[in-house]
2 protein chains.
Amino acid sequence: MSSSTFSLSDAGAACPGDARPCATSAADLPTEQSGRCSSCAMRNICMPAGLDAQAYARLDEVICTSRRVARGDSLFRAGTPFHSIYAVRVGSFKTVVAHPDGRQQVTRFDLAGDALGLDGIHDDRHTCDAIALEDSVVCIIPFHRLETLCSEVRAMQRHLHKMMSGEIVRESGLMMQLGNMRADERVAAFLLNISQRMKARGYSPTEFNLRMTRDELGSYLGMKLETVSRMFSRFQREALIDARGRLVRILDLERLKAV
Amino acid sequence: MSSSTFSLSDAGAACPGDARPCATSAADLPTEQSGRCSSCAMRNICMPAGLDAQAYARLDEVICTSRRVARGDSLFRAGTPFHSIYAVRVGSFKTVVAHPDGRQQVTRFDLAGDALGLDGIHDDRHTCDAIALEDSVVCIIPFHRLETLCSEVRAMQRHLHKMMSGEIVRESGLMMQLGNMRADERVAAFLLNISQRMKARGYSPTEFNLRMTRDELGSYLGMKLETVSRMFSRFQREALIDARGRLVRILDLERLKAV
DNA sequence: CGGCGCATTGAACTTATTCAAACGATGTGG
DNA sequence: CCACATCGTTTGAATAAGTTCAATGCGCCG
């Protein structure tokens, strides 16, 4: 259930070399110059430890643009051609897969530092929608250029593979939740997962603001929004959490782990 | 829900060059020389189209051993060090992830031509058990050597990435099933998936022998074995299938698709 | 033949869903 | 500034879906 990811740069930093080679697809516009991965606040979340200066320089050449996505807008949609993967720099996203009959399921919630779009590699088109849960900024990583970089820098190749494998592991953990756990266990596991990810990002692991609705959360956890709400209410009654709407404070981490 | 995979060779073909560099982990013993990917019956399942002769030659250097796994034995276990990925040449496997509390869930069923072990890349140890459902043979693909090959042959790099991405897509499809579908829909989707995979392998898409128990199938589909059994009985009653134990004949593909 | 593992079926029970109503926050227009 | 509409959330009661428990059946191997 770890959340390995990619790249990116400090949101404020300006891009020093405007003449750097920087092709990106029209669909990714509007774009802007991004800062450097080497100085990015999310570096420790996205990148492997021990990348040397030269590797960072190469990486900065590949990831040269970023894009703003307003709350509710999509970063990409299922069926559209795949060109790039994305790293969340600011904000958060949900990804949604749709069934032909109209049903749909949230399969991910991504925070700053997480990578999106790996599903698109398989047959050169995205298989899901990525929707911003709040006004967000992503780094754009043209995939064919990343592949070139990976064939030249072994540490980057390693990292990409670990990232994709990590996604496979993450999803099989989710399948375990959906297939085996009761509603209360799933909600508890979700809260613990968010807690851990917030902690990894330097935020409080016991107090955070969920960006998704109960409906979106229910979709992710394979239950109805009413059930999610009841579980929150129950945890509140049992003094495991203090939830006021989307603001959650974890009161008893240990008992929450004990399901 | 496609099932992309890797490599391998005809089970019968002998390895011509015994002096070829062929390091493999002790855990992978007992091994034997494998044949060539270039002449493998599963080639079209595992490999990208249009790989040239030189690429196949390189691949044959990487995949030089195979291993027999008796029914019920494990190919690898959760927690053991990761060195290689595997391609099923003969037989079939289930993979099982275990929860600390003892519960476990089947997350995959692999047929000949499918690749196993990609989960282990993430942190250099396997995260699940792979158990043979019948006496089987796998090709062993030392991962660090595959990575080297991928950095040199662009088509192989492409293929590895597509394979991993395909696994991510496959799993999100599963999540959709587990999160959104009713028991009857899941069983129907499973039968259709097997049907399609049998067809891709040149077998009858309407008549096949399931290698797993109702319990294993229930675990995979997030329901109890009794529920699986009831769904089979119901489909039988409605003349969608003709099932005698594990032998399944699909009578009405269209109505089965209609859930 | 007897025993074992797996599968099927029924009936009672548990869990989550559905439907419905009401509440609270937020934002808009009068 | 208040009234009102909207959107998301909470809660209750009835219903449906799947589970649990238990009994029986079937096929295979020793």
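Small disclaimer: the values here were computed from a predicted structure and weren't measured. First the proteins, then the strands, lettered A, B, ... as listed; each starts at 1.
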Asks: Whole angstrom is fine here: how far is it from CZ in A:Arg182 over to P in C:dT14?
Replies: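 Whole-Å distance recorded here is 13 Å.
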Asks: Provide, to the nearest angstrom, the distance between the CZ atom belonging to A:Arg214 and the P atom belonging to C:dC23.
Replies: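 Distance check: A:Arg214 CZ to C:dC23 P gives 19 Å.
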Asks: What is the distance, to the nearest angstrom, from the CZ atom on A:Arg71 to the C1' atom on C:dT26?
Replies: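 From A:Arg71 CZ to C:dT26 C1': 11 Å.
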Asks: Roughly, in whole Å, what's the span from CG in A:Leu247 to P in D:dG8?
Replies: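 It is 18 Å, rounded to the nearest whole Å.
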Asks: Rounding to a whole Å, what distance do you find between A:Asn209:CG and C:dA25:C1'?
Replies: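 Answer to the nearest Å: 14 Å.
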Asks: Could you tell me whether A:Glu238 and A:Arg234 make a salt bridge, using a distance below 4.0 angstrom between a side-chain N and a carboxylate O?
Replies: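 Yes, this pair counts.
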Asks: Do B:Tyr220 and B:Phe109 have ring centroids that are under 6.0 Å from one another?
Replies: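 Yes, they do, as the ring centres are separated by less than 6.0 Å.
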Asks: If you check the B:Thr227 side chain, which of C:dT8, C:dA16, D:dG18 turns out closest?
Replies: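 Nearest nucleotide to the side chain: D:dG18.
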Asks: For A:Leu225 and C:dT18, what is the distance between atoms CG and C1' respectively, to the nearest whole Å?
Replies: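 Roughly 11 Å, once rounded to whole Å.
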Asks: How about B:Phe190 and B:Leu210: do any of their side-chain heavy atoms sit closer than 4.5 Å?
Replies: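 When only atoms from C-beta onward are counted, B:Leu210 and B:Phe190 do touch, with a gap below 4.5 Å.
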Asks: Are B:Arg108 and B:Phe93 in a cation-pi setup, meaning NZ or CZ lies under 6.0 angstrom from the ring centre and within 45 degrees of the ring axis?
Replies: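 Negative - B:Arg108 is either too far from the ring of B:Phe93 or too far off its axis.
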Asks: Can you tell me if A:Ser229 touches the phosphate of D:dT11, counting only side-chain N or O atoms and a distance under 4.0 Å to OP1 or OP2?
Replies: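 No.
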Asks: On a plain distance test, is the side chain of B:Arg230 in donor-acceptor contact with the base of D:dT20 below 3.5 Å?
Replies: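 Check passes, donor-acceptor contact within cut-off.
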Asks: To the nearest Å, give me how far apart CE (B:Met223) and P (D:dT20) are.
Replies: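 Whole-Å distance recorded here is 13 Å.
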Asks: A:Thr213 near the nucleic acid: base, sugar-phosphate alone, or nothing, with a heavy-atom cut-off under 4.0 Å?
Replies: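 Contact class for A:Thr213: sugar-phosphate only.
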Asks: Does the C:dG24 base have a donor-acceptor partner in the side chain of A:Arg244 within less than 3.5 Å?
Replies: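 Absent.
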Asks: Take A:Arg186 and A:Glu226, find for each the nucleotide of DNA chain C with the closest heavy atom, and name the residue whose nucleotide sits nearer the 5' end.
Replies: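 Looking at DNA chain C, the more 5' nearest nucleotide goes with A:Arg186.
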Asks: Looking only at the side chain of B:Arg246 (C-beta and beyond, no hydrogens), which of the listed nucleotides D:dT9, C:dC6, C:dT8 gets closest?
Replies: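 From the listed options, C:dC6 comes nearest.
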Asks: Rounded to the nearest angstrom, tell me the gap between atom CG in B:Leu217 and atom C1' in C:dT8.
Replies: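 Distance, rounded to whole Å: 15 Å.
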Asks: Base, sugar-phosphate alone, or nothing: which one does B:Ser233 contact when heavy atoms must sit under 4.0 Å apart?
Replies: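 Counting heavy atoms under 4.0 Å across all strands, the contact made by B:Ser233 is with sugar-phosphate only.
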Asks: Is A:Arg230 salt-bridged to A:Asp184, going by a charged N under 4.0 Å from an acidic O?
Replies: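 So A:Arg230 does not pair with A:Asp184 through a salt bridge.
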